[in-house]
Structures are given as structure tokens and as C-alpha cells.
Number of protein chains: 2
Amino acid sequence: MSDLTLPPQATQVGLAVDVAAFAMHAGELRVLLVQRGALPHARDWALPGGFVHPGEELHEAALRELRTETTVELEPRHLEQFFTFGEVNRDPRGRIVSVAHLAVLPHGTVEVSGGGHTLGAAWQSAHQPPPLAFDHRAILDRALGRLQLRLEYANLALEFLPDTFTLPELQGVYEAILNRKLDKRNFRKRLLSQGTLTPSGERRSGVGRPAQLYRRAKGTRTPAL
Amino acid sequence: MSDLTLPPQATQVGLAVDVAAFAMHAGELRVLLVQRGALPHARDWALPGGFVHPGEELHEAALRELRTETTVELEPRHLEQFFTFGEVNRDPRGRIVSVAHLAVLPHGTVEVSGGGHTLGAAWQSAHQPPPLAFDHRAILDRALGRLQLRLEYANLALEFLPDTFTLPELQGVYEAILNRKLDKRNFRKRLLSQGTLTPSGERRSGVGRPAQLYRRAKGTRTPAL
DNA sequence: GCAAAAGTGTTATGTGTACACCCATGC
DNA sequence: GCATGGGTGTACACATAACACTTTTGC
């Protein structure tokens, strides 16, 4: 760092963002993938992502890529940078540094189709993804780790669900993210004792005994980052 | 991402690293700062850092900046990327994205002097630093948070000490990092019960009763990242 | 013998975990 | 009435936090 112009050794690199966007589908944790339409790695699956535009903040770029590479209409409920992948040879086109983001999309975000220059987009199993382009498998693995860390800490599970939900549904989100079964009684005790849920008094019908509906207690929303 | 050449909207940005390097001095947690020798922010204190060279990995750049901006001879015991600062206007020279790193330097890393294009370097209070250039105060604050998180998790406290150390010294490291007092008996019980320390049988002399020396138990070293 | 720092146990409280049966509804 | 999923309580192990006095050394 020496004067008001960039010094010659200042590497100019391509700055990109990639987004690991998660949602629940059919009781399973899914990640949003796009099928690449161009080289390199044409037709391979990849995380949505692309280059940051001039004057664009990192999180804005992440949101834009979500919206244009896939037809996702809903706002992410959570968006957070979690690691920067900058290995010299991670991309055959040159030195490209990618700031990876973790996003949580709410329930109901079902329909996606390829937008922009991708062939398609789909929700796929987060724990058993198809082969991915570039180093995206490493990015996904790290995103899963971060998601599991954040789960308890920031009440992230609620962001996967609609405004009202049942305790078994909430437990399903925990189990899908942690990839293991939890004990029903201990789960209920823990969640209810932390006081972040209020019963909404109604019940939902289906097969078997109807479940109590809950909603997030007022003032328990955690800030985005 | 479209073909094997970078597309026109690919923002070329300056890629930098900054390093928050911590060590214990005089029973206090200190951070290594350099006094800038050039504009912008000439004469202000800043975290050591600078541009990544072509073909250089991020962590290599972090190590190089530590060695050339300050005369630090010792290897960091821990080096970890923790956040990427990319706000559009964080640097008056243009779009510069900085991948911030956390480093822990071992005991004995006492003498530093400015190297390269800095006026000087010094260990300063990590919890009450002087005013810092750019957004380095925000970087430092986040580094402190990460250091506190990692403390228990990865036995990071041992990296601040020489090979053998006393329990009161180790407790001092915890207290300096967490910025609060701990209970001596509970601390000893907790640390000894986790089985990562072995008594080295010797004793160190000074004022008051000599303390038992310990060393890290074999096979308890945690991987760098 | 006194100053200075090291070392030592018990109790109360909270938290995590394991575990099996009854309840309400739709068909 | 039966299949389906929802809802409930207790006991034990373990971790955490609070708390005060004795021991060893140098001078």
C-alpha cells in the first residue's frame, strides 16, 4: 500500500461470488444448483454465482446472481458470507477469487428454472449432491458446516418455514440440516424453554392427530448477519 | 461465467490481505500494528497487509506481509482467513477487496521494527488500540471475536506460550483474550480434565511459590485451520 | 515471619440424554 | 377400531459456577 494509485504489484483478479442457497423440500435439505451453459464445465452442475459488477457490494452481487441465474422470486431470509476461495488454479480462466455466501430461502420457494446463461436450475440433495464444477463441492461442504453451526445459534431453522409451523415440522428442519435424528421430547423441551415460540392457538389437519401451530415470538428475530 | 476468457462485466479488483497478528506481552493481549509511510493514511496505524502477488496463494501473501512489513522472524502458530472486506468505498484508491487473516504468534516474538515501506511496527493493546486507518478497526474487532471463538475450540491459548508453561500463565492468556477474570480452581479443573496437558515435572522459580510446569500432551496438536 | 503467588474440594444448579406410553383425529 | 402421527415426564450423568484457606518459596 503506497500511494493513491494502485502499485504495480497489485494483482488484479476476477472477483466473483458463489451462493449456496438452501431450502427444505419433501422433508429433505436441498441446495439450489444451476446447470452451466458455457465452458468451462458446460452442462455440469454448479452453485449459482458469477462476477461482481463494478460498484456493486458483495452481498448485492450474491442476491443478483440468485435472481438472474435461477428464477427465484423470494428474498433470502438469511444471507451471509462464509469463506473466500482464492486458490491460484481454482478456475482455468485465470485468477478468480470467489467470496462464497450462504443463503436460506423460505418455504414455498419451489419453482426455479434456469435464467441468464444457464441451462436450468434445480433443488438437489444437499447431503448427496451430484458432481459439481470447479471447487464447488468444497464450497458446498463448507457451507453445510456453517449452516450447522448457525442453526442453534441464530434460530436459522425458522427461516426455512412459513410464519406458522408445527413442532414436528421444525424438528424435521433440524434433522435435515444436522443429518441425524433427534429425540422428540428433548427437542420440544429445549425449543419451548428458550421462549422464542408462541402457540398460535390453531391446529392443522391431516393424517393423525393435528399438531399445535406456533409462530416466532415477537422480538426474537436475529439480525441478518 | 461464460467462456474461457473473462467476460467484460468481470470486475477487476485489487486483491489484498490484511493480518491481525496477536501475541501476549506483559500479561496483555497485543496486536501487531504498523505505522503507514505513504498515502493514504500516512503516519496512521494499520494492520500489516498489502496486495496479493500474481500466482501467490492468499495465506502465502499473509505470511509475506507479516515478514516484510514488520521484522517478525517467527512462524505464526496459527493462521486462518476469517472474513473478506469488500465494501465498495473502503479504500480511496479504488475497489480493493481484502481477505482478512488471524494469526497467533508465539511467545518470544518481541522485537519488531518497520520493514518495507512502513515507518515502524509495534505491539499495541488489542482491546484498546489506537485509531486505525481504513476500516481496520472493524477488521480488528472481528478478529478479536474470532480469536475468542477459537480459544476453547482449538486450544489456541497454547500457541501463545513457549513449550513449557505454568497453569497461571495459561490462565493469563485466557483472561487476556476473553478480557475478563476466570476462577482459578475451575480453570485448573477444566483444563486438567481435558487431558491435553502433561506435567513436565520441573518447576520455575520467581517470587512466591514455584509453579508446576506443563507441556502439550502428545497428539493433541490441532491442525492449522 | 512476612509477602507473594501456587495450589486445593465441595456444593448447588443447570444442561444434555436416554427412554415408553397415551392422545386425537380420519377413514 | 385401527392406523397415523402428536404429545407428554422422569431419572441419571455431566458440566458449570460460586466460594476461602493452606502451602511453598524468597527475602
Q: Where do N or O atoms of nucleotides 8-15 of chain C meet protein N or O atoms at under 3.5 Å, pair by pair?
A:
unit_1, atom_1, unit_2, atom_2, d
C:dT10, O4, B:Lys189, NZ, 3.2

Q: Using atom names, set out every protein N or O paired with an N or O of nucleotides 22-27 of chain C below 3.5 Å, distance rounded to 0.1 Å.
A:
unit_1, atom_1, unit_2, atom_2, d
C:dC23, O2, A:Arg209, NH1, 3.4

Q: Does anyone know the first and last nucleotide of DNA chain D in reach of chain B, 5' to 3', at under 4.0 angstrom to a heavy atom?
A: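 Endpoints of the contacted stretch of DNA chain D: D:dT16 to D:dG26.
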
Q: Do B:Thr84 and A:Thr84 meet the criterion of a side-chain donor-acceptor pair at a distance under 3.5 Å?
A: yes

Q: Between A:Arg204 and A:Thr164, is there a side-chain heavy-atom distance shorter than 4.5 Å?
A: yes

Q: Using ring-ring contact (aromatic ring centres under 6.0 Å, His included) as the criterion, list what pairs up with B:Phe82, not counting sequence neighbours.
A: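 Testing B:Phe82 for ring-ring contact (aromatic ring centres under 6.0 Å, His included), a comparison that skips the adjacent residues, returns none.
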
Q: Are any side-chain N or O atoms of B:His127 and backbone N or O atoms of B:Ser125, one a donor and one an acceptor, separated by less than 3.5 Å?
A: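 No; zero donor-acceptor contacts below 3.5 Å.
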
Q: Using modelled atom types only, decide if a donor and an acceptor are shared between the side chain of A:Glu69 and the backbone of A:Gly49 within a distance under 3.5 Å.
A: yes

Q: I want to check something: taking the side chain as every heavy atom from C-beta on, are B:Trp45 and B:Val31 in contact at a cut-off of under 4.5 Å?
A: no

Q: Can you find a pair of side-chain heavy atoms, one from B:Ile96 and one from B:Arg90, that are under 4.5 Å apart?
A: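 Yes, at least one pair of side-chain atoms sits under 4.5 Å.
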
Q: Between B:Tyr174 and B:Phe187, what is the ring plane arrangement, given parallel below 30°, perpendicular above 60°, and tilted in between?
A: perpendicular

Q: List the atom pairs, donor and acceptor, that lie under 3.5 Å between side-chain atoms in residues 176-184 of chain A and the rest of the protein, sequence neighbours left out.
A:
unit_1, atom_1, unit_2, atom_2, d
A:Asp183, OD2, A:Arg185, N, 3.0
A:Asp183, OD2, A:Asn186, N, 2.9
A:Asp183, OD2, A:Asn186, ND2, 3.4

Q: Roughly how far, to the nearest 0.5 Å, is the CD1 atom of A:Ile139 from the CZ atom of A:Phe85?
A: 5.0 Å

Q: Treating B:Glu169 as the side-chain partner and B:Thr166 as the backbone partner, does any N or O pair qualify as donor plus acceptor under 3.5 Å?
A: yes

Q: Could you tell me the separation between the NZ atom of A:Lys181 and the P atom of C:dC19, rounded to a whole number of Å?
A: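 Answer to the nearest Å: 17 Å.
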
Q: For the residue pair B:His136 and B:Phe134, does the interplanar ring angle fall in the parallel (under 30°), tilted (30 to 60°) or perpendicular (over 60°) class?
A: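 Taking B:Phe134 first and then B:His136, their aromatic rings sit tilted (interplane angle of 30° to 60°).
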
Q: Using a strict cut-off of less than 4.0 Å between a Lys/Arg side-chain nitrogen and an Asp/Glu carboxylate oxygen, indicate whether A:Arg216 and A:Glu159 qualify as a salt bridge.
A: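 Judged by the 4.0 Å cut-off on N to carboxylate O distance, A:Arg216 and A:Glu159 do form a salt bridge.
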
Q: Near DNA chain C, which residues from residues 161-176 of chain A have a heavy atom under 4.0 Å away?
A: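 When residues 161-176 of chain A is checked for heavy atoms under 4.0 Å from DNA chain C, there are no hits whatsoever.
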
Q: Taking the nucleotide of DNA chain C with the nearest heavy atom to each, does A:Arg190 or B:Gln212 sit closer to the 5' end?
A: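 First, find each residue's nearest nucleotide; the 5'-ward one identifies B:Gln212.
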
